[in-house]
Amino acid sequence: MCGIVAAAAERDVVPILISGLKALEYRGYDSAGLSVLSGEELARARTVGKVRELEARLESHPISGMTGIAHTRWATHGVPNEVNAHPHVSIDSVSVVHNGIIENHVALREELKGHGYRFDSDTDTEVIAHLVHHLRKQGMDLRSAVQAAIQRLHGAFAIAVMSRDEPGHVIGARRGSPLVVGIGIGENFLGSDVQALIKVTNQFSYLDEGDLVEITRNSIQVYDLDGNRVERRVHTSELSADAVERGEYRHYMLKEIFEQPRAVADTLEGRIASDRILPNIFGVKSDELLRRVRHVQIVACGTSYHAGMVARYWLEGLAGIPCSIEVASEYRYRQAVVPADSLFLAISQSGETADTLAALREGRQHGYLGSFAICNVPESSLVRESDLVLMTRAGPEIGVASTKAFTTQLAALALLVLELARMNGLAEERYLRLVNDLSTLPRRIADALELAPQIAELAERFVHKHHALFLGRGVNFPVALEGALKLKEISYIHAEGYPAGELKHGPLALVDEDMPVIAVAPNNQLLEKLKSNLEEVRARGGELFVIADDEVRIDSDGVRGALIKVNSGGNLIAPAVFTVPLQLLAYHVAVLRGTDVDQPRNLAKSVTVE
Ligand code: G6P
């Protein structure tokens, strides 16, 4: 949460900072601000709301400078108003932007008040500005002061700091939140991710946990946790600047929904040949480790958690390997008992979700065989800290509500499960058929996308609803959860996902003419049971929307609602295919309700705080 961008250059950095902030808006959009060194002065602009508000302010009150730091905020401490917006400044000289939470800010605030500092905001960040200022007054240069200040901070953070008295210098530091260094020609940058800087450079260095960096326009010096000078490798990013553009689509979310056939195809590319999963796609030493796996612990948050839930059905059903799954925020604080020969499997689009990372680090203390990450962001903390990695290759996902990240996670998880299943005696013929099914996934998703006009029409029937219930069974129960999550995230309609068999144990009490019920009905062994559950809804006059496999026959006479047909391609890939109409439904309902589809209220895409 919160996005940081900073630049030291020999040109006006304001346009660079604004463009960087726009790319980082997915991390938070409560307020935005920037500071630049304008001659001898530290100039600052801050506005409530999105980056475009800041841009408008700068048009009417322009400022410019060749050194600058900027921020887009997802409020944690203090309401989203202008006073709480970053950068925070101490005595017109030290300016700080911060992502994360400083847990001991109350104690530090008291201490600094004792030194005569006055606090303007309710944020935890302001203590950093005053602390650095205070240390500079003791005679330290900016780098030493930031180095000393961060020793005093408890919690997770990434920061960028500059001082009126050291023009041309920006100090960055990270502990628990991401920060990358962008290397330009005669100019250098800091950013919360590569996307923020891809328009100005494709050369990046990734900071390690605890690193501090000092950039000027001509130099980059990195120091580790102990203050020693270190070198961090320079990578060339393959991300194209176009990948983060919205193109002809009205929203990023719609673009990303429609990118799914390509994204899933990319996830599978070079990993399957002749209906077999190619050797070593999980890393050179993976074979040895995977063969020893007797239990899998999956940990994730949000949509990634739903992908993990699907994988649990597959793992136990196809590989015969017991699997547990838990949301990361619970797992990290629990005394989990780890069965022998367990693999820790973390799933995260961003690879920076604080709870998932903490769970991974916690897991490391508990004797797992090893850790495996399914992730979409190369060089993210999760990728760097895991033993084995399978990248999803979805490309940048900007819409806060996750879509292509989910279906590509399912594709990647299917690869892993099928490999484990093969190692654990899945019959050859079945293995070949399932790998073949998997390779048809891009095409089946493309077919499901053709439902878009039909779903857009259907969405009109949801616009005035206050609640919705999503039902699924077996491997499609997580699909119901994901459908409900999408709808609530972006349309603000209260929605819940339930296993259809559980309906009679509570939610049925809610079903009446005003409650739309959306059910996923694949043509599998649970179909007849699901039909009985649907009868229960029908008998209460509920409005029933069934997304069913082509061959499924459901008597729709006299039923309020609709039947939508897809070709799901069998149990393995069905969850990914069924998810597509549910994504489209949430999207069109949200558009009709006029919400901010790509940046729904109160949410952020990458949650790097607890
Ligand atoms: C946030 C996002 C969700 C996402 C979750 C986990 O809540 O809004 O869309 O599923 O974080 O993110 P991750 O990057 O770990 O998959």
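Note that the coordinates shown come from a computational prediction; the quantities given were computed from them, not determined experimentally. Both ligands and their constituent atoms are indexed starting at 1 by order of listing. Residues take their numbers from the sequence shown, with the count starting at 1.
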Using the rule given for side chain to side chain contact (heavy atoms under 4.5 Å, CB included), can you reason through Glu352 versus Ser381, listing the C-alpha separation, both sets of side-chain angles and the distance that settles it, and then say yes or no? CA-CA 6 Å; Glu352 300 293 351; Ser381 304; 2.7 Å; yes
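We find that Glu209 and Arg174 are joined by a salt bridge, their nearest charged nitrogen and carboxylate oxygen being less than 4.0 Å apart. By the 4.0 Å N-to-carboxylate-O rule, Glu245 lies close enough to Lys199 to be salt-bridged with it. Of the charged side-chain nitrogens involved, none lies within less than 4.0 Å of a carboxylate oxygen, so that Lys285 and Asp387 do not count as a salt-bridged pair.
Nearest protein heavy-atom neighbour of atom 12 (O) of ligand 1: Thr353 OG1, 3.4 Å. The protein atom (non-hydrogen) at minimum distance from atom 16 (O) of ligand 1 is Ser304 OG, 2.6 Å. In terms of protein heavy atoms, atom 2 (C) of ligand 1 is closest to Lys605 O, 3.3 Å. Residue, atom and distance of the protein heavy atom nearest to atom 7 (O) of ligand 1 are Val607 CG2, 3.8 Å. Considering only non-hydrogen protein atoms, atom 5 (C) of ligand 1 sits nearest to Cys301 O, 4.1 Å. The protein atom (non-hydrogen) at minimum distance from atom 14 (O) of ligand 1 is Ser350 OG, 2.6 Å.
Between Tyr206 and His235, the two ring planes are perpendicular [angle over 60°; tilted spans 30° to 60°].
In summary, the atoms of ligand 1 found under 4.0 Å from a heavy atom of Ser402, numbered by their order in the structure, are 9 (O). Per-residue contacts place Val400 under 4.0 angstrom from the following atoms of ligand 1 (heavy atoms of the residue considered): 8 (O), 9 (O). Interface atoms of ligand 1 facing Ser348, defined by a heavy-atom separation under 4.0 Å, are 13 (P), 14 (O), 15 (O), 16 (O). Close approach of ligand 1 to Thr303 (heavy-atom distance below 4.0 Å) involves ligand atoms 10 (O).
Under the side chain to side chain donor-acceptor pair (under 3.5 Å) test applied with Thr392, the options Asp266, Thr267, Asn376 reduce to a single match, Asn376. Across Gln260, Glu259, Glu256, a single residue satisfies side chain to side chain donor-acceptor pair (under 3.5 Å) together with Lys404, and that is Glu259.
Residue Ala604 places a heavy atom less than 4.0 Å from ligand 1.
Relative to the six-membered ring of Tyr492, Arg593 misses at least one condition, a distance below 6.0 Å or an angle of at most 45° to the axis.
Polar contact check, Gln349 against ligand 1: a nitrogen or oxygen pair lies under 3.5 Å apart.
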